[in-house]
Amino acid sequence: MAGESRKRKVGLLYDERMCKHDTPDGEDHPECPNRIKAIWEMLQRSGLAQRCVVLGGSKAEDKHLELVHTKEHVNLVKGLSTKKKSSRRNKIASRLDSIYLNGGSSEAAYIAAGSVVEVAEKVAEGELDSGFAIVRPPGHHAEEDEAMGFCLFNNVAVAASYLLNQRPDLGIKKILIVDWDVHHGNGTQKMFWKDPRVLVFSVHRHDGGSFYPKGDDGDYDKVGEGPGEGFNINVPWDLEEGRCGDADYLAVWDHILIPVAKEFKPDIILISAGFDAAIGDPLGGCSVTPYGYSVMLEKLKEFAQGKIVMALEGGYRLDIVAESSLVCVVGLLEDRPVECSIEEHTMDSTRPLIEAVRKRLSPYWPSLADEIQWKAQPPFPPNLDELLPRLHRERQDALRDMWEKGFVRGKQLALSLCSSFEVALEEKEALQTKVAELQGEASDKLRLQVSLDRYAAEAKEASEQLTQVSSELREAKIDLDFHRELFKKSSEEKKLLEGELQKEASDKLRLRISRDRYAAEVKEAAEQLAKVRSELREVQIDLNLNRKKAKKVK
């Protein structure tokens, strides 16, 4: 989606509980917990996770699962709890197609479906611009009443039905489901077979019906039924003559999906994002690169105002799954023009297939009725002699002949050889220079190793010292706590003693005041007593005089 760059709110949903779903005995299996772990670790190491809104998983509700699955199927998956016997789970798994079960399968399946619903709801509400639900087990093979192809619940189908039937208030009336997993999404196709509100688009390996899930459900003449007729589009690859890659997928995008999407005008896009069509995948056999996935995603961002929800489906080469997820998250985060520099040629079978699909769907989508103006295939390299100086002349002539006759393998072999030898010639001198650099680096690494060993010894010594200091600190802390307690008690005793001394001083002061007052009163009494005694002596004298006078008179 071209336009001025702006910060987009992208949701990432990851929940470790989905890793509980594993093989019963821990044996190797392509659909393993490490698939989502590798993606999450890559997004964290790159710093992209920190730029997104990270969400935790939430379990789906039965009523939402029953929008696309039977009640019996929902109850069957619900019953796969850790409380059930392993023998019962193994018996159930043996009756199903490409399914294993363990004690964590039920919880993981509920979280996978509920998580896609959660991200889809937040994008539909406008809380997020787009989102990527990193979920497992995958879902697009699960049918209404049956688990199959590693899938227990159809995660994307549950989310689509939830938006349409449970949240009409969000205004989502038309949904485009793009399934780029290498396997046909048979379950999704059947669930919306008659529903014109959902346009299901699946590009997948078919091989005439011999590739999983086998049968003719994935053929291009399966277009829907009743009101849903024309709203189911299959693009089935036949890889008996080659390996389809970026150029083939982008040709399908440009000549089928994009024109139809313009007519359909979806309100939101849900992507069943399987990465098993990627180069090197052990199950897919195709050769789509991470860059190819990023361009496919970028071309879809011009629709539905960029409201895109990716839900992980397949993909079993961990490094490529992680890298492909990484470039897709970058695409969701950034607004940028579509830059397509794919220089590969398509398989010879791609053009006839695209024309056949367009012809079959043209009654429903007028834009597919127009004649395609194909670009010319890349010419055979004119400098083959220079690029392949060590290739025998007869082999060069054979390659040219195979190219001119249009043999796909011949074309791919020629381009592959040319590219390989060209790279070899260009890298020969670089390799020699690199050897010299490595020799120089070897001595630097030796010195670095010595420094590292010395540092390791010093670090070990420092660690031992730190341990000793820590021990001493702990002892000092114990002493400090003890002395603090003593100080606390001394403070309390001092305070008590000061209180008692203050009381005693107050009592002494009162006693002294009383004593001084008593002394003054005693002194005053003594003075009065002396005065009385003096008066008594005078009275005595007068009395004696009077007695003498009285005696003389007688």
Side-chain angles (χ1 to χ4, degrees), residues 1-15 35-36 38-57 112 115-135 155-156 159-160 163 172 175-181 201 246 249-250 253 257-258 261 266-275 277-278 288-313 315 320-340:
M1 184 169 61
E4 186 178 341
S5 178
R6 70 175 182 87
K7 185 176 181 181
R8 292 174 57 84
K9 293 179 65 175
V10 176
L12 285 182
L13 192 147
Y14 176 79
D15 195 310
R35 295 177 61 239
I36 61 174
I39 296 173
W40 186 240
E41 290 172 2
M42 174 72 81
L43 293 175
Q44 287 184 308
R45 287 199 308 269
S46 67
L48 285 181
Q50 290 78 358
R51 295 174 56 191
C52 299
V53 179
V54 177
L55 307 170
S115 296
V116 179
V117 169
E118 180 181 354
V119 177
E121 184 175 41
K122 290 184 181 299
V123 172
E125 289 173 338
E127 183 176 339
L128 298 171
D129 293 306
S130 56
F132 182 20
I134 309 168
V135 297
N155 307 321
V156 167
L163 294 179
I172 302 297
I175 297 177
L176 170 60
I177 296 178
V178 176
D179 189 338
W180 68 40
D181 189 281
F201 176 89
D246 293 353
Y249 274 77
L250 294 177
W253 252 238
L257 177 56
I258 300 303
D267 298 312
I268 195 171
I269 299 174
L270 308 183
I271 300 178
S272 280
F275 295 107
V288 179
T289 67
Y291 174 74
Y293 284 115
S294 72
V295 176
M296 287 190 283
L297 176 63
E298 200 67 34
K299 288 176 177 287
L300 293 174
K301 284 169 62 178
E302 71 173 277
F303 305 103
Q305 298 178 321
K307 293 182 177 180
I308 295 177
V309 176
M310 296 178 58
L312 182 66
E313 295 285 1
I320 296 297
V321 168
E323 291 174 11
S324 300
S325 299
L326 179 75
V327 297
C328 286
V329 172
V330 171
L332 293 177
L333 278 167
E334 299 175 359
D335 283 331
R336 59 188 181 186
V338 177
E339 297 178 0
C340 180

Does a donor on one side chain and an acceptor on the other come within less than 3.5 Å for D181 and S272? no
Name all residues meeting the salt bridge (Lys or Arg N to Asp or Glu O under 4.0 Å) criterion together with K307; count only those two or more places apart in sequence or in a different chain, and write none if there are none.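 Partners of K307 under the salt bridge (Lys or Arg N to Asp or Glu O under 4.0 Å) test: none.
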Run the salt bridge (Lys or Arg N to Asp or Glu O under 4.0 Å) test against D15 and tell me which residues pass, sequence neighbours left out. R17
I308 and L300: CA distance, side-chain angles, deciding distance, side chain to side chain contact (heavy atoms under 4.5 Å, CB included) verdict: CA-CA 8 Å; I308 295 177; L300 293 174; 4.1 Å; yes
Look up atom [atom1] in [X] and atom [atom2] in [Y], then write down how far apart they are to the nearest 0.5 Å.
X	Y	atom1	atom2	answer
Q305	D267	CD	CG	9.0 Å
L326	R45	CG	CZ	9.5 Å
L312	S325	CG	OG	6.0 Å
D179	L270	CG	CG	11.5 Å
S115	I134	OG	CD1	10.5 Å
Q44	I39	CD	CD1	12.5 Å

V178 and L257: CA distance, side-chain angles, deciding distance, side chain to side chain contact (heavy atoms under 4.5 Å, CB included) verdict: CA-CA 9 Å; V178 176; L257 177 56; 4.2 Å; yes
List for me each residue that meets ring pair (Phe, Tyr, Trp, His ring centres under 6.0 Å) alongside Y293, sequence neighbours excluded, and say none if there are none. W180, F275
Heavy-atom distance under 4.5 Å between the side chains of [X] and [Y], does that happen here?
X	Y	result
V329	L43	yes
V156	E313	yes
V309	I271	no
R35	V321	no
E334	R51	yes
M42	E323	yes
I258	F303	yes
I36	V135	no

Heavy-atom pair with the smallest gap, counting every atom of [X] and [Y]:
X	Y	result
I268	A120	CD1-O, 4.1 Å
G57	E118	C-OE1, 4.1 Å
G131	L332	O-CD1, 4.1 Å
A159	V116	CB-CG1, 3.7 Å
V288	M296	CG1-CE, 4.1 Å
A112	N155	C-OD1, 3.7 Å

List for me each residue that meets side-chain contact (heavy atoms from CB on, under 4.5 Å) alongside E125, sequence neighbours excluded, and say none if there are none.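 side-chain contact (heavy atoms from CB on, under 4.5 Å) list for E125, sorted by chain: E121, E127, R167, L170.
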Go through it in stages, so that I can follow the logic: the residues are L128 and L55, the test is side chain to side chain contact (heavy atoms under 4.5 Å, CB included), and I'd like the CA-CA distance, side-chain angles, deciding distance and then a yes or no. CA-CA 11 Å; L128 298 171; L55 307 170; 4.2 Å; yes
Using the test side-chain hydrogen bond (donor to acceptor under 3.5 Å, both in side chains), find all partners of S324 that sit at least two apart in sequence or belong to another chain.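 Result, side-chain hydrogen bond (donor to acceptor under 3.5 Å, both in side chains) vs S324: none returned.
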Applying side chain to side chain contact (heavy atoms under 4.5 Å, CB included), run through V53 and L12 and close with a yes or a no. CA-CA 6 Å; V53 179; L12 285 182; over 6 Å; no
Using modelled atom types only, decide if a donor and an acceptor are shared between the side chain of K301 and the backbone of G331 within a distance under 3.5 Å.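 Yes, because the side chain of K301 sits within donor-acceptor range (under 3.5 Å) of the backbone of G331.
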